[in-house]
Amino acid sequence: MSRPTPYDIAVLGGGAAGMAAALTAAKSARTVLVINRPINPRAPLRIDAIPARTLALLVEFGITPRAIGAASLHDHQAACWASAAPQRVHGAKTAHIERPKLELALFDAVRADGRIAIVVDGARPKFNGDFRGSSWRAKHLIDATGRAAVTAQSRIRWRPAWASRFFWTRRAATRTTSEFCIAALPCGYAYRLGSADHIGIGIVGRGAVLKSGTAGLTELLHGEAARWLCADMPPLHAMSRGAAGVTSVQWALPGHALLIGDALIARDPLSSQGLAASLSDALYAVAAILSDDADSLRRRQAENLAAHLTYLRAALAQCRYRDNSLWTAYERFVETNVANRIERPISALRQGRLEMVPGY
């Protein structure tokens, strides 16, 4: 049996955060990117809004804005959140990018970097002074496995989770603008945004959102709260189905590995730029390893968790349907954890311990 190949840093997970961490680590250390399956070039479409400054970071990785669907910047958005009438507000500049294109571009950058080894390994890493997989071992491990958080001691999440469904069409099929728009619904919320080539409608929530077919979702969207989102858009049944996934907040207690991105804090998109935060996490984690300063990283992560829960609580409190039982239960979960974790999570993450606070 051959001996595992040694590395300084192993990065677990082939999403955007993991590949950004591998590209950053390879500048200073022997690095391996460990993925559990090959990258899917036909992944379902998902469109994300990222701060304009994040584009500059991606350019440093050799990724041009146009290659990931960002043709322009947006500094306005429309929201029907606190009141029945949509309000158009000015904000920081953002770019709308297509996540599958970003991940393929990052993977191409990883493959082109001769300093990064790529290993497909579905086994859970073992720790005994160092980290070991089927054919590799490393002194340090960065866990970027998303909500699975495979090396975490525990995960704290809202159950049953809120989920999202996304439907898209080509930009040529509609005259509507690609700026971000959002509308609160009694059972969740709906949003619309577009990239250079595609535009879509996402629906988030529980209950009817998870169970309905396109006919039921269309009826939901054409109610008073969200009808304006569908103006000049094709009906859902005529659109293509994009990515689906969990959206409600989740966080984890790290084990021996460093957690980044959704593996550490899977942010609710209502109050955070999750993709931008994940890419930032990658850079900070590599810096913490190279400087042997894990304490600073833990402080930053604990503060980010407290800040996100605080911002999310404020967003939920402003929702016009907050008295609906679905919204009330989720708000209570966040409120409970804000009250118990503004001080304690910072101390707990620093010391490597975190107790679960029930949401009910």
Side-chain angles (χ1 to χ4, degrees), residues 1-41 57-58 60-63 102-153 252-265 275 277-298 300-301 349 352:
M1 183 174 180
S2 60
R3 291 184 178 182
T5 304
Y7 299 93
D8 299 315
I9 298 175
V11 180
L12 193 63
M19 289 187 283
L23 287 166
T24 303
K27 297 175 182 178
S28 306
R30 291 173 299 170
T31 302
V32 58
L33 175 68
V34 183
I35 55 179
N36 62 0
R37 64 177 68 89
I39 301 298
N40 180 10
L57 170 62
L58 295 175
E60 292 182 16
F61 291 138
I63 300 170
L102 171 62
E103 294 184 353
L104 283 174
L106 284 168
F107 191 58
D108 286 342
V110 168
R111 287 191 300 179
D113 191 321
R115 300 166 296 184
I116 303 174
I118 303 173
V119 172
V120 178
D121 184 359
R124 183 187 181 95
K126 296 179 180 179
F127 179 77
N128 186 17
D130 62 2
F131 299 90
R132 296 186 177 232
S134 299
S135 61
W136 59 272
R137 63 183 176 87
K139 182 178 180 181
H140 302 281
L141 178 65
I142 296 175
D143 183 344
T145 55
R147 287 177 178 266
V150 300
T151 69
Q153 294 185 43
L253 170 62
H256 296 289
L258 295 181
L259 302 184
I260 65 170
D262 285 357
L264 179 69
I265 307 172
L275 175 56
S278 295
L279 295 173
S280 178
D281 285 349
L283 273 61
Y284 275 97
V286 173
I289 290 173
L290 297 178
S291 63
D292 193 24
D293 189 11
D295 288 343
S296 293
L297 179 65
R298 293 192 189 100
R300 179 179 184 273
Q301 291 173 337
L349 278 173

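We're numbering straight along the sequence, starting at 1. Hydrogens, waters and symmetry mates are skipped; everything else that's a heavy atom, side chains included, is used.
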For the residue pair [X] and [Y], what are the closest heavy atoms and their distance?
X	Y	answer
Q153	P254	NE2-O, 2.9 Å
A20	T24	O-OG1, 2.8 Å
A25	V286	CA-CG1, 3.8 Å
A138	I9	CB-C, 4.1 Å
A16	L275	CB-CD1, 3.9 Å
A149	A263	CB-O, 3.5 Å

Any pair counted as salt bridge (charged side-chain N to carboxylate O under 4.0 Å, His left out), so long as it reaches residues 23-40, sequence neighbours left out: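 Those involving residues 23-40 are D8-R30.
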
Less than 4.5 Å apart, side chain to side chain, heavy atoms only: is that true for [X] and [Y]?
X	Y	value
E103	N40	no
L141	V34	no
W136	P125	yes
I142	I289	yes

Out of curiosity, [X] [atom1] to [Y] [atom2], how far, rounded to the nearest 0.5 Å?
X	Y	atom1	atom2	value
R298	L259	CZ	CG	10.5 Å
R137	F131	CZ	CZ	13.5 Å
L264	D262	CG	CG	9.5 Å

Quick one: does any side-chain atom of T151 pair with a main-chain N or O of D143 as donor and acceptor, under 3.5 Å?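 No, because the side chain of T151 does not come within donor-acceptor range (under 3.5 Å) of the backbone of D143.
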
Taking G261's backbone N and O only, do any of them form a donor-acceptor pair with D281's side chain (distance below 3.5 Å, no angle check)?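 Confirmed, D281 side chain pairs with G261 backbone.
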
Please report the C-alpha distance between N36 and V150 in whole Å, then the side-chain angles of each, then the deciding distance to 0.1 Å, and finally whether the side-chain contact (heavy atoms from CB on, under 4.5 Å) criterion is met. CA-CA 12 Å; N36 62 0; V150 300; over 6 Å; no

Side chain to side chain contact (heavy atoms under 4.5 Å, CB included) with V120: which residues, sequence neighbours excluded?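 Here the qualifying residues are I35.
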
Going by the rule side chain to side chain donor-acceptor pair (under 3.5 Å), which residues pair with D108 if we only count those two or more places apart in sequence or in a different chain?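 Listed in chain order: R111.
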
Could you go through the side-chain contact (heavy atoms from CB on, under 4.5 Å) check for V11 and I116 one step at a time? CA-CA 10 Å; V11 180; I116 303 174; over 6 Å; no

List the steps and the verdict of side-chain contact (heavy atoms from CB on, under 4.5 Å) for M19 and L33. CA-CA 7 Å; M19 289 187 283; L33 175 68; 3.9 Å; yes

Please name the residue in the list I118, L23, T31 that meets the side chain to side chain contact (heavy atoms under 4.5 Å, CB included) test with D113.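 With D113 as partner, I118, L23, T31 yield a single side chain to side chain contact (heavy atoms under 4.5 Å, CB included), made by L23.
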
Can you establish whether the number of heavy atoms outside Y284 located under 6.0 Å from its atom OH is more than 12?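 Result for OH/Y284: open.
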
